[in-house]
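One structure is given here, and the rest of the page talks about it.
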Amino acid sequence: MKYWLVKSEPSSFSYDDLANAPERTTSWEGVRNYAARNFLRAMTRGDRVFYYHSNAEPNAIVGIAEVVREAYPDASQFDRKSGMHDPKSKRDSPTWSTVDLTAVTAFPRPVTLTELRGVPGLEKMELLRKGSRLSVMPVSAGEWRIVCKLAGVSAAISDAG
DNA sequence: GCCAACGTTGGC
DNA sequence: GCCAACGTTGGC
């Protein structure tokens with residue numbers, strides 16, 4: 001199992017929105033950055049994902065999601081009416097991919113960005129890198145464990161398949 | 001609202 | 001291929 005982190009502005013799609021979605025699941029459409037897309041494509045079923053609220057009050061990791069469907073073409077790239085339409089993308093070789101994510105558990109206690117800074121073991125966490133703008137990024141097993149502990153989530157829940 | 005850090009675009 | 005201009009992200 002691999003670990004990841006996705007960002008979302010709660011005003012756009014919050015963790016609660018995911019938890020309240022049909023089957024607690026949504027297609028993670030709209031990623032339009034090549035590095036982030038490549039991470040989406042590297043996800044496999046069962047991978048665990050931190051859900052981070054950006055441009056939020058407070059900015060924080062607020063819960064855990066799981067990859068329930070591996071990368072497939074993002075339909076919004078072909079939708080002219082969508083703000084995410086990409087006229088350069090070809091039907092027979094789509095540029096952008098999406099995965100399906102399902103809500104696993106909200107953190108008992110969200111872990112804020114401020115709090116994460118300075119936690120031993122998280123020095124190399126991509127989320128904390130100055131100027132980091134990736135909306136999908138890998139998380140190491142060590143980082144995963146540390147953040148779950150801060151959040152008050154047991155390993156049995158955070159890693160259960 | 002400001003601005004640093006990026007990624008992308010397009011002129012050359 | 002270079003790089004300046006531009007648009008976006010996202011913390012503060």
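In this text the structure is predicted, and so the values were computed from the model without any measurement. Computed from heavy atoms alone, side chains included, the values below leave out hydrogens, waters and symmetry copies. In the text below, chain A, chain B and the rest are named by the order of the sequence lines, each starting its count at 1.
Using a 4.5 Å heavy-atom cutoff, the side chains of A:F78 and A:R91 are in contact. Between A:Y52 and A:I61 the shortest side-chain heavy-atom distance falls below 4.5 Å.
No contact: A:R32 has no heavy atom under 4.0 Å from any strand.
No side-chain donor-acceptor contact under 3.5 Å links A:D79 and A:S76.
The environment of CZ in A:R24 is crowded: more than 12 heavy-atom neighbours from other residues, nucleotides or ligands sit within 6.0 Å.
Across all their heavy atoms, A:M84 and A:G30 have their closest contact at CE-O, 3.2 Å. A:T95 and A:S89 get closest at one heavy-atom pair: N-OG, 2.9 Å.
Across residues 36-43 of chain A, not one residue has a non-hydrogen atom less than 4.0 Å from an atom of DNA chain B.
Among the candidates A:V104, A:V99, A:T98, the single residue satisfying the side chain to side chain contact (heavy atoms under 4.5 Å, CB included) test with A:L101 is A:V99.
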Next item on the list: Could you encode protein contacts along nucleotides 5-12 of chain C as a string, one character per nucleotide from 5' to 3', using B for base contact, S for sugar-phosphate-only contact and - for no contact, with a heavy-atom cut-off of under 4.0 Å?
Entry: --BBBBBS

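Side chain of A:K7 to backbone of A:L134: a donor-acceptor contact under 3.5 angstrom is found.
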